[in-house]
There are 2 protein chains.
Amino acid sequence: MAAETAGPKPGTAAWWLAREDEPARQRRRRSLTLEAILDASMTLLDTGGAAALTMRNLAEALGCTQASLYRHVRNREELVTLLVDRALDVASSAPPEDADWAGKAAWSARLFREHLLRHPGVASLLRGTERLGPNSLAGVQYSLELFIGAGLGPRLASAASSALATFVIGSVHFNLGLDVSDSEESRHRRLLYRSRDASALPLLVEHADVLSEVGSDDVFEAGLTALLTGFRVLIEREGGTRD
Amino acid sequence: MAAETAGPKPGTAAWWLAREDEPARQRRRRSLTLEAILDASMTLLDTGGAAALTMRNLAEALGCTQASLYRHVRNREELVTLLVDRALDVASSAPPEDADWAGKAAWSARLFREHLLRHPGVASLLRGTERLGPNSLAGVQYSLELFIGAGLGPRLASAASSALATFVIGSVHFNLGLDVSDSEESRHRRLLYRSRDASALPLLVEHADVLSEVGSDDVFEAGLTALLTGFRVLIEREGGTRD
DNA sequence: ACCTGAACACCGTTCAAGT
DNA sequence: ACCTGAACACCGTTCAAGT
């Protein structure tokens with residue numbers, strides 16, 4: 001494993017660690033900044049989607065050459081890693097004080113989801129793996145507060161927190177591909193279900209109308225409620241003592 | 001919207017519908033088959049990961065020219081759509097007969113997850129959106145059987161089924177990025193947590209050792225149990241009458 | 001010491017030209 | 001009627017050569 005030659009893979013703990021040990025890479029006069037690169041990336045992403053985030057577009061937007069970008073970033077992958085963590089800075093508004101832990105968790109999950117849906121370009125870069133950048137860690141801390149506060153031990157609290165994040169990100173991906181806005185798709189889906197072989201797929205044929213109307217919001221809310229209910233039951237049942 | 005000119009987008013209901021109306025595209029003697037293309041694609045995917053699935057590699061593996069591929073497939077996207085549904089053919093082994101609906105659902109979810117983990121190339125192409133191909137529909141039918149049989153109405157059953165699939169796929173993505181096999185990463189993660197600012201992220205610092213040990217299996221099992229428990233509570237509480 | 005132009009080795013896709 | 005060679009317009013990345 002000569003992985004050391006090129007340094008650790010972007011996004012890994014080793015990479016984040018190595019990153020802060022470096023003496024700030026740039027004391028350049030006023031030339032290109034990493035900040036400026038990330039800003040421009042975000043704009044590209046929000047404007048033209050993930051496909052628009054190319055090194056060429058980025059260089060053009062910044063008025064520099066492609067090669068200059070590699071002075072601040074080793075890889076496109078590294079760029080994406082930094083970008084995604086930055087885009088996770090969403091904890092600006094705090095949940096209602098009078099809610100219990102589950103209410104707060106639900107509130108935060110919805111906020112997170114809406115944020116991602118507002119930035120589909122970012123969401124499509126999210127592989128669900130980025131959990132170690134500063135913004136992600138702040139989210140983990142908050143999540144742990146809720147679950148540990150509710151009575152779970154740290155191990156279960158951590159698993160629960162990750163499971164919740166996994167579900168939120170997964171359902172945003174689900175959303176992105178579904179084109180909810182397109183009412184034609186719902187109509188076609190009904191036609192598709194209806195025309196299946198009723199002996200092989202009886203429930204699809206029978207409930208074609210209902211099935212074609214179930215949207216990603218319904219899926220998200222159903223899953224979110226179930227997850228939190230499940231955790232609540234776990235807490236009541238075991239009191240978190242098992243950890 | 002001159003979308004009709006190029007036909008519906010691969011993966012949409014309209015696309016699947018249009019596909020079966022076509023008179024079977026090929027009666028060619030014994031030349032290139034769509035089946036052969038899909039087989040070769042799967043091999044490439046399992047061998048070299050998603051990055052290896054290029055039209056050039058595919059043509060080379062099949063001993064034909066790139067352009068020939070476009071005779072059977074309009075797009076790379078179309079290829080991927082067909083491929084992914086084909087790879088979802090996993091319902092070969094049936095769950096234990098004596099389990100209740102939740103036991104069967106858990107069994108199937110684990111089976112699905114393991115299948116995807118065995119084919120990471122396929123999994124990384126899964127956007128969580130492909131739910132309309134023949135194999136996906138068979139999975140939906142099975143899922144609906146379980147949830148409707150357990151007492152949910154068709155709408156909630158559909159949402160629950162999609163939520164479960166969303167979670168499974170999301171957690172596989174989570175897995176793929178985590179490199180569980182790499183024990184170095186766990187060590188580095190512990191270092192990372194430990195070295196955070198204890199006043200800003202107290203729980204991360206305090207539970208660094210435990211947190212760095214929580215793996216994707218734990219996350220999956222915690223989420224799966226919570227989801228199914230949540231659905232069970234919903235069923236007991238409402239009896240499915242609300243649908 | 002810094003930056004860049006120009007190239008390299010790849011992509012997916014198209015289409016005139018061959019058979 | 002079928003297939004293909006060769007190109008097109010893109011990628012991310014590198015590096016000798018300039019200043």
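In what follows, chains are A, B, ... by sequence order, proteins preceding strands, each numbered from 1.
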Closest-nucleotide ordering on DNA chain D, the 5'-leading residue of A:Ala51 and B:Gly63: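 On the 5' side of the pair lies B:Gly63.
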Without decimals, in angstroms, what is the distance between [X] [atom1] and [N] [atom2]?
X       : N      : atom1 : atom2 : value
B:His72 : D:dC2  : NE2   : P     : 11 Å
B:Tyr70 : D:dA7  : OH    : C1'   : 14 Å
B:Arg76 : C:dC11 : CZ    : P     : 10 Å
A:Glu60 : C:dG5  : CD    : C1'   : 16 Å
B:Met55 : C:dC11 : CE    : P     : 12 Å
A:Asn57 : D:dT13 : CG    : P     : 15 Å
A:Leu62 : C:dC3  : CG    : P     : 14 Å

Give, for atom [atom1] of [X] and atom [atom2] of [Y], the distance between the pair rounded to the nearest 0.5 Å.
X       : Y       : atom1 : atom2 : value
A:Trp16 : A:Leu82 : CH2   : CG    : 5.5 Å
A:Arg86 : A:Glu35 : CZ    : CD    : 4.5 Å
A:Ser41 : A:Met55 : OG    : CE    : 8.0 Å

C:dT13 phosphate, OP1 or OP2, under 4.0 Å from B:Asn75 side-chain N/O: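 Yes, within the criterion.
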Side-chain N,O (B:Ser68) to OP1/OP2 (D:dT4) below 4.0 Å: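 The answer is yes; a side-chain N or O of B:Ser68 sits under 4.0 Å from OP1 or OP2.
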B:Ser171 side chain to B:Phe167 backbone, donor-acceptor under 3.5 Å: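 At least one qualifying donor-acceptor pair exists.
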Side-chain (A:His72) to main-chain (A:Leu32) donor-acceptor, under 3.5 angstrom: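 Yes, the answer is positive, given that a donor and an acceptor are paired below the 3.5 Å cut-off.
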From C:dG12, C:dC15, C:dG5, nucleotide with atom closest to A:Ala67 side chain: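 Given the options C:dG12, C:dC15, C:dG5, the side chain of A:Ala67 is closest to C:dG5.
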Per A:Thr54 side chain, nearest of listed nucleotides D:dT13, D:dT4, D:dC11: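 Of all the options, the side chain of A:Thr54 is nearest to D:dC11.
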base_contact_polar (C:dT13 base, B:Gln66 side chain, donor-acceptor, <3.5 Å):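 When only heavy-atom distances are counted, B:Gln66 does reach the base of C:dT13 through a donor-acceptor pair under 3.5 Å.
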Under 3.5 Å on both distances, the Watson-Crick or G-U partner of D:dC2: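 C:dG18 is the nucleotide pairing with D:dC2.
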Identity of whatever pairs with D:dA7 - Watson-Crick or G-U, under 3.5 angstrom: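 Paired with C:dT13.
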Position toward the 5' end of DNA chain C (nearest nucleotide), A:Arg56 or A:Cys64: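 Final value for this comparison: A:Cys64.
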Touch class at under 4.0 angstrom, heavy-atom based, for A:Leu69 against every strand present: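 Touches nothing.
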Touch class at under 4.0 angstrom, heavy-atom based, for A:Leu79 against every strand present: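 Nothing, no heavy atom under 4.0 Å.
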